[in-house]
Asker: 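What follows is a structure written as structure tokens; I'll ask about it next.
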Amino acid sequence: VNMSVAILPMSQDFGWDSATIGIVQSSFFWGYLLTQIIGGVAADRIGGKKVLGFGVLWWSVATAITPIAAHKGLVPLLVARACMGVGEGVAMPSMNTIISRWVPTSERSRSLALVYSGMYSGSIVG
């Protein structure tokens, strides 16, 4: 379940006010922000597949520990959410590197449009 959906019952269960809800929701972006440039540099140096694979593994583990962290307290939850952001932050730069190396120049804009529209379509479909 997406945190934007789960945050309402969680806030009731844990007694969070609107400020705490905002901090929990923003904590993902703390980690995400940190890894945009680092992810791009790493993808250029060691390859987009490896960096993306690491990111998927990292955010999967962070996703799995999120419920446990929430029950441990607010700080562990914030750390788990920031770690999830770290893993997801490398995804976009890695995908751009993969596309730049695998897709012919004449087809790159179409490929990027397909990849990025697929992400948003997935959010709509659920």
Side-chain angles (χ1 to χ4, degrees):
V1 175
N2 192 314
M3 185 57 83
S4 62
V5 174
I7 195 76
L8 295 176
M10 286 177 72
S11 66
Q12 291 174 349
D13 290 347
F14 298 118
W16 296 336
D17 60 8
S18 60
T20 305
I21 291 170
I23 291 169
V24 170
Q25 289 184 310
S26 70
S27 61
F28 168 85
F29 294 101
W30 304 342
Y32 191 85
L33 176 68
L34 292 174
T35 54
Q36 289 288 298
I37 295 173
I38 295 167
V41 171
D44 283 343
R45 289 189 180 165
I46 63 173
K49 277 177 57 175
K50 290 179 182 176
V51 174
L52 183 59
F54 168 78
V56 169
L57 179 64
W58 186 273
W59 90 58
S60 297
V61 170
T63 300
I65 66 169
T66 296
I68 298 163
H71 286 286
K72 295 281 185 191
L74 183 60
V75 172
L77 175 61
L78 297 177
V79 170
R81 296 281 300 152
C83 285
M84 188 182 305
V86 166
E88 287 195 36
V90 301
M92 297 287 197
S94 297
M95 287 188 291
N96 286 332
T97 299
I98 291 168
I99 288 173
S100 75
R101 292 183 181 171
W102 289 4
V103 177
T105 306
S106 62
E107 298 177 19
R108 284 187 192 155
S109 61
R110 188 173 321 137
S111 297
L112 284 168
L114 183 64
V115 167
Y116 291 126
S117 66
M119 290 184 320
Y120 297 113
S121 299
S123 295
I124 292 169
V125 173

Asker: Quick check: closest heavy atoms across Val5 and Pro9, and the distance to 0.1 Å?
Answerer: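 Heavy atoms only, the tightest pair is O-CD, 3.5 Å.
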Asker: Please, which pairs that meet ring pair (Phe, Tyr, Trp, His ring centres under 6.0 Å) have at least one residue in residues 59-90, sequence neighbours excluded?
Answerer: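 Only Phe14-His71 qualify under ring pair (Phe, Tyr, Trp, His ring centres under 6.0 Å).
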Asker: Just checking Ile37: does its CD1 atom have more than 12 heavy atoms from other residues, nucleotides or ligands closer to it than 6.0 angstrom?
Answerer: no
Asker: State which residues pass side chain to side chain contact (heavy atoms under 4.5 Å, CB included) with Ser106; sequence neighbours excluded, sorted by chain then number.
Answerer: Pro104
Asker: Using the rule that Ile, Leu, Val, Met, Phe, Trp and Tyr join whenever any side-chain heavy atoms are under 4.5 Å apart, tell me whether Leu8 and Met3 fall into a single cluster.
Answerer: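 Yes, it is one cluster - the side chains of Leu8 and Met3 are joined through contacts under 4.5 Å.
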Asker: What residues form a ring pair (Phe, Tyr, Trp, His ring centres under 6.0 Å) with Trp30, not counting sequence neighbours?
Answerer: none
Asker: With a cut-off of 3.5 Å and sequence neighbours excluded, list every side-chain donor-acceptor pair involving residues 74-97.
Answerer:
unit_1, atom_1, unit_2, atom_2, d
Ser94, OG, Val90, O, 2.7
Asn96, OD1, Tyr116, OH, 2.6
Asn96, ND2, Met92, O, 3.4
Asn96, ND2, Tyr116, OH, 3.4
Thr97, OG1, Asp44, OD1, 3.3
Thr97, OG1, Pro93, O, 3.1

Asker: For residues 20-28, which side-chain N or O atoms pair as donor and acceptor with protein atoms under 3.5 Å away, sequence neighbours left out?
Answerer:
unit_1, atom_1, unit_2, atom_2, d
Thr20, OG1, Asp17, OD1, 2.7
Ser26, OG, Gly22, O, 3.2
Ser26, OG, Ile23, O, 3.1
Ser27, OG, Val24, O, 2.7

Asker: Where does the angle between the aromatic ring planes of Trp58 and Phe54 fall among parallel (under 30°), tilted (30 to 60°) and perpendicular (over 60°)?
Answerer: tilted
Asker: Hydrophobic cluster mates of Leu34, side-chain heavy atoms under 4.5 angstrom, ILVMFWY only, any path?
Answerer: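 Besides Leu34, the cluster holds no residue at all.
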Asker: Does Leu52 share a hydrophobic cluster with Trp102, counting links as ILVMFWY side-chain heavy atoms below 4.5 Å and allowing steps through other members?
Answerer: yes
